[in-house]
Amino acid sequence: MEIGRSSLRKQEKLRTRKDFEALKEHGKACRDPFFTVLVRAAVPDDPVQTTRYGIICSRKLHHSAVVRNRARRLITETFRLCKEIILPCSILVIPRRAMFGAKQQEVQEHLLRTLKKAGLTREKQTADIQSANS
RNA sequence: UGAACUGCAACGGCGGCCGCUUUGCUUUGCAAAGAGGAAAGUCCGGACUCCACAGGGCAGGAAGUCCUUCUUCAAGAAGGAUGUCGCGGGGGCAACCCCGCGGGAAGGAAAGCGCAACAGAGAACAGACCGCCGACCGUUUUCGGACGGCCGGCAAGGGUGAAACGGCGGUGUAAGAGACCACCGGGCUCCGGAGCGAUCCGGGCCGCAUGGCAAGCCCCUUCCGGAGCAAGGCCAAAUAGGGAACGAUGCCGUUGCCCGCGGCGUUACCAGUUCCGGGUUCUGGCCGCUUAGACAGAUGGUCGCCCCCGCGGAAACGCGGAGACAGAAUCCGGCUUAUGUUGCAGUUCGCUUU
RNA sequence: GGGCGUAUAGCUCAGUUGGUUAGAGCGCCACGUUGACAUCGUGGAGGUCGUAGAUUCGAGUUCUACUACGCCCA
């Protein structure tokens, strides 16, 4: 597995209002200085077992659309680069004000640390693959 | 040559790797296209769509000097002109005049209504506080007059105010006053001339009687039917089958209101029209929808080089930093607001040289 | 995206056709009353009227632009 050679499709995004409401109600919250993450393990009866993500970046966080767009794009890019080492689940990321102005590497660092805290990274289970690739 | 301000124009360039949206094709991929001057605020106008008509009146809204051009329903933009206001300079005792530069929601104040606090005697065809003058009475007297009271005349001086009912000099008078005169200013539905026109110039008349505010009401001229892509059209699914109004001098729609116009039918259940409620939902899909065209929302991430700045260095170069304001959602045009760097042009100021 | 509305004391609101010093209730502070508290009484503090510009002699009020907050739509 090599990081940086993956694509994202529409199926990997949370698209309906039901998905967002379910995550807001039943998701497990993990807080970070950069963002709040709501995670929920994949539905057992779902045969696809994909990792799906969503972002909430409302006008309340920042009035400038440019700043909000950059936050969204950085998070999307981080998911694209790191999706192979994340277990199948639904992730909802809500950026916080401290994240505005950060670089992509910093966002990736914070997101992986938060997901590792939640026990959703594949690092331990696939340590041999990681070492073999590196 | 430097600084400040104003206006206009362009916005980082190239390449590697990974990736996103749409379209097309010979479909495990390839090719093409992919944010702005403000995309913003939503302040205006138009296109477009619907409301079975768009007709009339009232209300409401927008614009407002003149000419030309662009545009053209209307707004709006550019250039020039006129008047006004502000600043600077000059003239004049002053009122005011002349010249230069600059500003813009620049119609009408003798159609009418309204307002002007406080101060001040008086604030709109006003006004006698301090004053000036005269007659009479009283006291006093150095016989010039002074003081007090009362009656009357006077808008010249002081003082108040944002604004005090033309300015200045003279004649005149008891004192004064456009009461009268010269000059200046002002007004006129007067006359003549110039100009397409706003308007200007000259003459005459008016002694000056009606000054300010219309981003107060209002009047005049021109224009505007209403709502807006969540407009609207087609298809599908689901829920409910509940409540209210309506029986033609009635209800609903059409514009806020009226007229007018259109729809609804008579057996009171059913059915119908409209409204409310309920259900579904980022409306379920497609069209509208775009040589960018999304519908959890694409136009990105990272690396290298060249541009810009700072430091070190003779240089090559090394290190660090910065590239503003800001992201389409039916489209187009205008206005306003946010803005860094570079280039060009204009104005003002400083320095140097001739 | 489109169409509207509001902003005045810590809170909820008044403020007339522009006019002197912007008011009311609750709250707050001090004093009195009480052994102490509540209640009550007296007094007081607290306002760049959301921001800036314009009109005017003079803007909470009129006009323009901006900011913040809120409501509606099929």
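Side chains included, hydrogens not; waters and symmetry mates left out as well; all remaining heavy atoms used. Convention: sequence-line order gives letters A, B, ...; per-chain numbering from 1.
- Considering CD1 of A:Ile91 and CG of A:Leu38, their distance stands at 10.5 Å, rounded to 0.5 Å.
- Expressed to the nearest 0.5 Å, how far CZ of A:Phe35 lies from OG1 of A:Thr114 amounts to 5.0 Å.
- Here A:Ser64 lies in heavy-atom contact (under 4.0 Å) with sugar-phosphate atoms only.
- Comparing B:U348 with B:C101, their C1' atoms sit 12 Å apart, to the nearest whole Å.
- Across all strands shown, A:Arg68 has no heavy atoms under 4.0 Å from either base or sugar-phosphate atoms.
- Rounding to whole angstrom units, CZ of residue A:Arg73 and C1' of B:A35 are separated by 10 Å.
- Separation of the C1' atoms belonging to B:G159 and B:G127 is 14 Å when rounded to the nearest angstrom.
- Atom CD in A:Gln105 sits about 9 Å away from atom C1' in B:G301, given to the nearest Å.
- Taking atom CG on A:Asn69 and atom P on B:G301, their separation rounds to 11 Å, with Å as the unit.
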- Pairing of RNA chain C as dot-bracket, 5' to 3': ( ) intra-strand, [ ] crossing, | other strand, . unpaired, with Watson-Crick or G-U pairs under 3.5 Å? ((((((((.[[[[.)...(...]]]].(((((.......))))).....[[[[[..)....]]]]]))))))).
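- Nucleotide B:G37 is shown with a syn base, its glycosidic torsion being within 90° of 0.
- Separation of the C1' atoms belonging to B:C206 and B:G166 is 14 Å when rounded to the nearest angstrom.
- B:G293 and B:C286 are spaced 16 Å apart, taking the C1' atom of each and rounding to whole Å.
- Nucleotide B:G297 forms a pair with no other nucleotide shown, judged by Watson-Crick or G-U wobble geometry with both contacts under 3.5 Å.
- B:A52: glycosidic angle within 90° of 0, hence syn.
- The base of B:C18 is paired with the side chain of A:Arg80 by a donor and an acceptor separated by under 3.5 Å.
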Where do N or O atoms of nucleotides 65-67 of chain C meet protein N or O atoms at under 3.5 Å, pair by pair?
none

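- Under the Watson-Crick or G-U wobble criterion, with both distances below 3.5 Å, B:G60 is paired with B:C224.
- Put simply, CD1 on A:Ile56 is 13 Å from P on B:G297, counting in whole angstrom units.
- Computed from coordinates, the A:Arg72 CZ to B:G327 C1' distance equals 10 Å when rounded to whole Å.
- Ion pairing of A:Glu106 with A:Lys103 is absent here, as no side-chain N (NZ or NE/NH1/NH2) approaches a carboxylate O to less than 4.0 Å.
- In terms of position on RNA chain B, the residue among A:Lys103 and A:Val66 whose nearest nucleotide sits closer to the 5' end is A:Lys103.
- When heavy atoms are screened at a 4.0 angstrom cut-off, A:Gln104 is found touching the sugar-phosphate backbone but no base atom.
- The nucleotide B:C66 finds its pairing partner in B:G80, both defining distances of the Watson-Crick or G-U wobble pair being shorter than 3.5 Å.
- Along RNA chain B, the nucleotide nearest to A:Val67 and the one nearest to A:Glu77 differ in position, and the one closer to the 5' end is contacted by A:Glu77.
- In textbook terms, a nucleotide whose glycosidic angle is within 90° of 0 is syn, and B:A35 is one such case.
- When rounded to the nearest whole Å, the span between CG of A:Leu81 and C1' of B:C303 equals 14 Å.
- A 3.5 Å limit on both hydrogen-bonding distances identifies B:U6 as the Watson-Crick or G-U partner of B:A345.
- For B:G301, one of the phosphate oxygens OP1 or OP2 lies less than 4.0 angstrom from a side-chain nitrogen or oxygen of A:Arg70.
- Taking atom C1' on both B:A39 and B:G108, the two are 44 Å apart, rounded to the nearest angstrom.
- Salt bridge present: A:Glu109 and A:Arg113 bring a charged side-chain N and a carboxylate O closer than 4.0 Å.
- B:G320 adopts an anti glycosidic conformation, its chi angle falling more than 90° from 0.
- Residue pairs that meet the ring pair (Phe, Tyr, Trp, His ring centres under 6.0 Å) test with at least one member in residues 80-113 of chain A, sequence neighbours left out, are A:Phe34-A:His110, A:His62-A:Phe100.
- For B:A209, the base is syn relative to its sugar; the glycosidic angle is within 90° of 0.
- Rounded to whole Å, the separation between the C1' atoms of C:U64 and B:G104 comes to 14 Å.
- The pairing partner recorded for B:U27 is none, the criterion being a Watson-Crick or G-U wobble arrangement whose two distances lie under 3.5 angstrom.
- What separates CZ of A:Phe79 from P of B:A296 is a distance of 18 Å, to the nearest Å.
- When the C1' atom of B:C20 is taken as reference, atom CD1 of A:Ile55 falls 13 Å away, rounded to whole Å.
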